[in-house]
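All residue numbers in this chain count up from 1 along the given sequence. Numbering of ligands and ligand atoms starts at 1, following listing order.
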Amino acid sequence: MQVVGNELALKWGDGEEQFVVLDELRRACPCAVCVGEIDVLGQMHKSPSSQLNNTSFQINRLQLVGGYAIQVFWGDGHSTGLYSFDLLRKMHSAG
Ligand SMILES: [Zn+2]
């Protein structure tokens, strides 16, 4: 996996390549801050700190987690989202 321009290039075990636009990737961040948390009354709470700016769509670093997910360290310091391979494969491929 590597960042190419504004896309993340992924190569899967079966040889298939996938390109995910960073903008889309960030917006699909599965962490509790970005997705929001649902309280006991079923109401959705979103943290105001999840506001995005242009560094939010830049990747500083990528790290493989446990062989099933990728942790992305974004330019704005956000890094709590773990993108499972399953989630990534379901994402729209720009390629
Ligand atoms: Zn997030």
Chi angles and distances behind the side-chain hydrogen bond (donor to acceptor under 3.5 Å, both in side chains) call for Asn53, Thr55: CA-CA 6 Å; Asn53 58 58; Thr55 62; 2.6 Å; yes
Distance below 2.8 Å from the Zn ion (ligand 1): protein N/O/S atoms: Cys29 SG, Cys31 SG, Cys34 SG, His78 NE2
All pairs passing salt bridge (charged side-chain N to carboxylate O under 4.0 Å, His left out) where residues 58-69 contributes a residue, at least two apart: none
Pairs involving residues 67-82, ordered by first then second residue, that meet salt bridge (charged side-chain N to carboxylate O under 4.0 Å, His left out) (sequence neighbours left out):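 Found Arg26-Asp76.
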Pairwise side chain to side chain donor-acceptor pair (under 3.5 Å) hits with a residue in residues 64-74, at least two apart: none
Note, Asp23 side chain near Asn6 side chain (heavy atom, < 4.5 Å): no
Flag, side chain of Tyr83 to backbone of Ala28, donor-acceptor distance under 3.5 Å: no
